[in-house]
There are 2 protein chains.
Amino acid sequence: MSKHQKEMGVLKEHLGKHQLKYTRQRELILDAFLKQEHITAEEMYHQLARKDPHLGLATIYRTLNLFCEAGLAQARHFGTQTQYDNISHKGHHDHLICTDCGKIVEFENCDIERLQEEVATRNGFTIKTHRLELYGLCSRCRH
Amino acid sequence: MSKHQKEMGVLKEHLGKHQLKYTRQRELILDAFLKQEHITAEEMYHQLARKDPHLGLATIYRTLNLFCEAGLAQARHFGTQTQYDNISHKGHHDHLICTDCGKIVEFENCDIERLQEEVATRNGFTIKTHRLELYGLCSRCRH
DNA sequence: TTGAAATTGATAAACCGTCTCAAAAGGAAT
DNA sequence: ATTCCTTTTGAGACGGTTTATCAATTTCAA
C-alpha cells in the first residue's frame with residue numbers, strides 16, 4: 001500500500017471528475033514523484049527504468065502534466081528543461097534562482113505570504129496557489 | 001537620433017570593451033527592445049520584419065543575449081519560451097490571475113519587494129529580476 | 001465478459017534556440 | 001576613399017526537449 005494516501009486521493013478525485021482512468025503507470029509515477037522536491041521528466045524516466053523498463057518518456061510527460069492539472073505539481077522552466085515541482089507534500093516552495101549557474105535555493109517566508117493574502121483580498125481574489133521566483137546571481141557567480 | 005541615449009551608451013561601452021562592433025542591426029534591435037517591458041525573440045522578429053524584412057532570427061537571439069551580457073536585459077524562461085526583460089524599465093508589476101475566467105490584475109507591492117531583497121541577501125543572492133504570480137478565484141468566479 | 005473510451009509505448013514531428021559558414025559590413029590605418 | 005583584417009550577418013542545418021500520432025492495450029462500468 002502506498003505511503004501517499006492523501007495525494008493519491010487528490011489524483012483519484014481529479015481522474016473521476018474528468019473521466020480519466022487510474023492506471024498502473026500513473027500510480028508508479030505519482031509514487032516516484034512525491035519522493036522528490038522537484039524533478040525533470042528525463043530524470044524520472046531514468047529513475048523508473050529499473051522498475052518498468054518499458055515505461056515511455058511520453059507517458060511521463062503526459063502524467064506530470066496531468067499532475068499539474070490536478071494541483072499536485074507545478075511546472076517551472078529553467079534553462080532548456082522543465083522542472084516539475086512537488087507542491088502537494090510540502091506545500092508551495094519559492095525559489096531563488098541563479099541565472100548564471102542554475103543553482104536553486106528554496107525558501108519560505110511567512111511575511112511575504114501574508115502580504116500576498118492582503119493584496120489578493122484587496123482585489124477580491126481568493127488565492128489557491130502562487131509562484132514566486134527571484135532571479136539573480138548567487139554569491140559565487142557574482143564574482 | 002535615438003531616444004535611448006543612456007542605454008545606447010551602455011551598449012557602446014560594452015562593445016568597445018570587447019572589440020565588438022556597432023551595427024545597424026544592433027541599434028535597431030536595441031531601440032525596439034527598450035520600448036518593451038519584456039519580449040521574446042520571436043515577437044521581436046515579427047515586430048521588426050516590417051522595418052527590415054531580412055533581419056534574421058538568429059541575429060535577434062544573438063543580440064538579445066548580447067544585451068544580457070551588457071547588463072541591459074535579463075533572460076527569463078516563461079512557458080516554453082525565453083522572455084528578455086528590459087531591466088532599465090522600472091515599473092515592474094506582479095500578477096493576480098483568476099484560474100477560472102483568466103482575468104489578470106497587475107499590482108505592485110513595495111513591502112513584498114523589500115522582503116524579497118531580505119531573503120536574497122540572507123542567501124547571498126543579488127536579485128536582478130523576479131516573478132510573482134498569485135493564482136486563485138476572482139470575486140465573480142468565487143460564487 | 002463485453003465493449004466503449006481512455007491510455008500506453010514507440011516514434012515522428014514540432015518547437016526553440018544555437019551553430020555553421022560564406023558573404024557582407026565595420027573600422028582603423030593608410 | 002582604399003585596403004585589410006576582424007566581426008557580424010542571414011540562411012539554413014542542427015540538437016535537445018516536449019508534444020502529436022496511432023495502433024495495440026488496458027481500464028472500468030454495464
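Each chain gets a letter, A, B and so on, in the order its sequence line appears, and its residues count up from 1.
- Contacts between residues 42-64 of chain B and DNA chain C, defined by a heavy-atom separation below 4.0 Å, involve A58(B), Y61(B), R62(B), listed by number.
- The NE2-P distance, from H77(B) to dG17(C), rounds to 8 Å in whole Å.
- Comparing the local axis fitted to the first five base pairs of the helix from dT1(C)-dA30(D) to dT30(C)-dA1(D) with the one fitted to its last five gives a bend of 40°, rounded to 10°.
- Residue T82(A) is classed as a sugar-phosphate contact, given heavy-atom separations below 4.0 Å to backbone atoms only.
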message = Working note: L132(A) + I112(A), criterion side chain to side chain contact (heavy atoms under 4.5 Å, CB included); need CA distance, chi angles, decisive distance, verdict.
response = CA-CA 10 Å; L132(A) 171 57; I112(A) 291 179; 4.1 Å; yes
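- Here the C1' atom of nucleotide dG17(C) and the CZ atom of R76(B) are 17 Å apart, to the nearest Å.
- Regarding E27(A), its CD atom lies at a distance of 13 Å from the P atom of dT8(C), rounded to whole Å.
- Its side chain within the 4.5 Å cluster rule, I104(B) clusters with I97(B), Y135(B) among the Ile, Leu, Val, Met, Phe, Trp and Tyr residues.
- Within a 6.0 Å sphere centred on CD of E133(B), heavy atoms belonging to other residues, nucleotides or ligands number more than 12.
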message = Using side chain to side chain contact (heavy atoms under 4.5 Å, CB included), reason through N86(B) and E37(B) one step at a time and then give a plain yes or no.
response = CA-CA 5 Å; N86(B) 175 356; E37(B) 188 160 338; 5.6 Å; no
key: Pair L30(A)-L72(A), side chain to side chain contact (heavy atoms under 4.5 Å, CB included): steps then yes or no   = CA-CA 9 Å; L30(A) 181 59; L72(A) 291 164; 4.1 Å; yes
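- Contact check, T80(A) against dC16(C): no side-chain N or O comes under 4.0 Å of OP1 or OP2.
- When DNA chain D is scanned 5' to 3' for any atom under 4.0 Å from a heavy atom of chain A, the first and last hits are dT17(D) to dC28(D).
- With sequence neighbours excluded, no residue forms a ring pair (Phe, Tyr, Trp, His ring centres under 6.0 Å) with H77(A).
- Taking the side-chain contact (heavy atoms from CB on, under 4.5 Å) definition, one finds that E42(B) meets it with T40(B), Y45(B), H46(B), L57(B), Q81(B), sequence neighbours left out.
- Counting only residues at least two apart or on different chains, the side-chain hydrogen bond (donor to acceptor under 3.5 Å, both in side chains) pairs with a member in residues 51-73 of chain B are R24(B)-D52(B), T59(B)-R62(B), N65(B)-Y84(B).
- Residues passing the side-chain contact (heavy atoms from CB on, under 4.5 Å) test with V105(B) are N123(A), F125(A), L96(B), K103(B), sequence neighbours excluded.
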Dump every N/O contact between nucleotides 2-5 of chain C and the protein below 3.5 Å, one line per pair.
residue	atom	partner	partner atom	Å
dA5(C)	N3	K21(A)	NZ	2.9

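- Residues passing the side-chain contact (heavy atoms from CB on, under 4.5 Å) test with K128(A), sequence neighbours excluded: T99(B), L137(B).
- L30(A) has its CG atom 15 Å from the P atom of dT7(C), to the nearest Å.
- Atom CZ of R24(B) is separated from atom C1' of dA24(C) by 11 Å (rounded to the nearest Å).
- In this view, R114(A) and D111(A), E118(A) satisfy the side-chain contact (heavy atoms from CB on, under 4.5 Å) rule, not counting sequence neighbours.
- For Q83(B) and dG17(C), the CD to P distance is 10 Å, given to the nearest whole Å.
- Heavy-atom distances to DNA chain C give each of L15(A) and Q25(B) a nearest nucleotide, and the one nearer the 5′ end belongs to L15(A).
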key: L55(A) vs I29(A), side chain to side chain contact (heavy atoms under 4.5 Å, CB included): CA-CA, chis, key distance, verdict   = CA-CA 10 Å; L55(A) 185 59; I29(A) 294 170; 4.2 Å; yes
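- A distance-only check finds no donor-acceptor pair linking the side chain of R76(B) to the backbone of T129(B) [under 3.5 Å].
- For H38(A), the ring pair (Phe, Tyr, Trp, His ring centres under 6.0 Å) criterion is met by no residue, not counting sequence neighbours.
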